[in-house]
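Numbered from 1 within each chain, the chains take letters A, B, ... in sequence-line order.
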Protein chains: 2
Amino acid sequence: MDLSPTPLLARLEAAPAWSVDRHRAMPPAGATLGDVVRALGFEPEGEAAGPAFPGLGTQRLRAGATLSREGDPADALFVVRYGSFKCQRVSEDGYEQVLAFAGPGDVLGFEALHVGRHTTGAVALEDVGVFVLPWAMLREGRRQSPALDHALQVALSRQLARAAEMAQMMAAVAAEVRLARFVQWVSARAAERGLSATRLRLSMGRRDIASLLGVAHETVSRAFTTLADWGLLHVNNRDIEILDAEALRAATRVTRGLPDEPAGARRLARTRLAA
Amino acid sequence: MDLSPTPLLARLEAAPAWSVDRHRAMPPAGATLGDVVRALGFEPEGEAAGPAFPGLGTQRLRAGATLSREGDPADALFVVRYGSFKCQRVSEDGYEQVLAFAGPGDVLGFEALHVGRHTTGAVALEDVGVFVLPWAMLREGRRQSPALDHALQVALSRQLARAAEMAQMMAAVAAEVRLARFVQWVSARAAERGLSATRLRLSMGRRDIASLLGVAHETVSRAFTTLADWGLLHVNNRDIEILDAEALRAATRVTRGLPDEPAGARRLARTRLAA
DNA sequence: CGATCGTTTGACGGTGCTCAATCACCGTGG
DNA sequence: CCACGGTGATTGAGCACCGTCAAACGATCG
């Protein structure tokens, strides 16, 4: 487990200065329903490309800022425009558990609908921008734009499927397998966005990865160097390069036991990218 | 991990005889949108209590039957009426991973929307009944019944929140803590349905629990007897009785390390319920 | 350039996975 | 009625992986 030395007390009283910018700030506004549809990864149909929709806003946060805090009253839905978040939950014993990472096109805050409060917190891993859709306008917005309605449905469907992927990461026994699956997940997400599927830059730290995978952060470090020793990838801090995608896939296929070190793996001593 | 001795091959060729009843069978039909709303845990408003809705069907399955298989084309949404399911995914190495358990009021198959195929399979743990809402009729149904639209939204929100709960179960390090959280989860679900929160009958076997929690099924057995030794609960096969709810809560609060055996725990030697 | 945080590596101990045997429970058929 | 085989649950023994504690290293930012 993580055991990140971040007791509840410390987190609470440390309410950071920039935390103020989590209050709605939608200065330029002027966003249309079509913009949201596009952010969700769909092409807006004609009627959605209309004028700015009243109530629809945007919000920017700096790295480390929290978009929503667990337990906060929720009055809006968020759609990530750029940047990435970690979604976490704080256990009663004060240790935080990362449940998912969210990137462009992902929907945040929907779990809050059924109780009116956020059940998970969202923290920006880098500078981010989101659309803000107040619950109050959602029904009208969906009525006015069938494309938005459909896009939201599909996005939620994706979200649910993602939860299953997350569970499968934590399902594997061996730490290397978990990490291999995580790297593949990051790679797939990058590819979806049109970025390189082999040269990755992680937006999250080892601690967050460890928390997601359910292992100690030292174990993540060791697993990274192990995968590098096997010649599957280069690791330099948060810069990862996949060297042997096929062998990496093979490593993820092992659920139980340990993956035998691939015989044909080219034993590149782990070298640094920047070197 | 599980390692349930259920290789892919065996599962596939064993396609059971009763598997045929997974083909749509909606003989009595006559279900209304209001029925579905009620199954989702809401009171249907006036207009939803109308006549039978065309396309809306029901389906019954016997214990062990599969409602949907991973990879199958999906053309409908399911709402559980009674009984319970396990939702699972089969890894490429042939071992199955339980991702969640679903009971009355839960929505199944929504993750399939964005790709048109089921990404997880659903297997009945007991005799079950579900409503079948074809995708084709969903839009019209939601338009015709705002109550259904709202109920579905809320149900999906619940579903997403549940995914987070699942992750938190697997987050704990110690097996006893994971199991304690699982028991609490079952208890909470039972209470929601108006059943006893202390006397529980598990609808799933040790293997399935183990798979969900990410431990070996032997470990689940051991953890059960350990919790019983601590006096937290009685265990007799699938019949569980919570003896000390407060101590159980305390046990779930520990995320890292091992929970110290509660000092004041009444050391009831684990006795059998049936004895 | 110093301070702070994140990452890496080491050593050790413990928990849980593996393998295996036993028991309890059923439905079947002798 | 009682063997019989099959499945699921429980318990035991041994070993290895990973969590813990600790320290060194590196990066980033002031």
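- Contacts of Ala251(B) classified as side chain to side chain contact (heavy atoms under 4.5 Å, CB included), with partners at least two apart in sequence or in another chain: Ala180(B), Leu232(B).
- In this structure, Phe224(A) places its CZ atom 16 Å from C1' of dT9(C), rounding to the nearest Å.
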Which atom pairs link the protein and nucleotides 3-7 of chain C when you take only N or O atoms and keep those under 3.5 Å?
residue : atom : partner   : partner atom : Å
dT7(C)  : OP1  : Arg206(A) : N            : 3.2
dT7(C)  : OP2  : Arg206(A) : N            : 3.0

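- Partners of Arg189(A) by side chain to side chain donor-acceptor pair (under 3.5 Å), not counting sequence neighbours, listed by chain and number: Asp106(A).
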Restricting to nitrogen or oxygen on both sides, can you table the protein-nucleotides 12-15 of chain D pairs closer than 3.5 Å?
residue : atom : partner   : partner atom : Å
dG12(D) : N7   : Arg222(B) : NH1          : 2.9
dG12(D) : O6   : Arg222(B) : NH2          : 3.3

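- Here the straight-line distance linking atom CD of Glu96(A) with atom CZ of Arg207(A) works out to 9.0 Å at 0.5 Å rounding.
- Here the C1' atom of nucleotide dC23(C) and the CG atom of Asn236(B) are 14 Å apart, to the nearest Å.
- When each of dT8(C), dG19(D), dT18(C) is scored by its nearest atom to the side-chain atoms of Val235(A), the top-ranked nucleotide is dT8(C).
- For the pair Leu179(B) CG and dA9(D) P, the interatomic distance rounds to 13 Å; values are reported in whole Å.
- You'll find the side chain of Lys86(A) stays beyond 4.5 Å of the side chain of Met204(A), heavy atoms only.
- Put simply, CG on Leu213(A) is 16 Å from C1' on dC17(D), counting in whole angstrom units.
- Proximity of Thr225(B) to the phosphate of dT11(D): a side-chain N or O atom is located under 4.0 Å from OP1 or OP2.
- Side chain to side chain, Arg201(B) and Ser196(B) fail the donor-acceptor criterion of an N or O pair below 3.5 Å.
- In this structure the side chain of Val183(A) reaches within 4.5 angstrom of the side chain of Phe224(A), judged on heavy atoms.
- Axis angle between the ends of the helix from dC1(C)-dG30(D) to dC26(C)-dG5(D), five pairs each and rounded to 10 degrees, works out to 40°.
- One finds a salt bridge joining Arg162(A) and Glu192(A) here, because a Lys/Arg side-chain nitrogen approaches an Asp/Glu carboxylate oxygen to under 4.0 Å.
- Between the CG atom of Leu227(A) and the P atom of dT8(C) there is a distance of 12 Å, given to the nearest Å.
- Nucleotide dG14(C) holds its P atom 15 Å from the CD atom of Glu176(B), rounded to whole Å.
- In terms of modelled atom types and a separation under 3.5 Å, the side chain of Asp127(A) and the main chain of Arg62(A) share no donor-acceptor contact.
- Looking at residues two or more places apart in sequence or on another chain, you find a salt bridge (charged side-chain N to carboxylate O under 4.0 Å, His left out) between Arg253(A) and Glu246(A), Glu92(B).
- Put simply, the side chain of Arg181(A) never gets that close to the backbone of Met166(A): no donor and acceptor are under 3.5 Å apart.
- Here the side chains of Gln59(B) and Arg81(B) are not in contact, with every heavy-atom distance at 4.5 Å or above.
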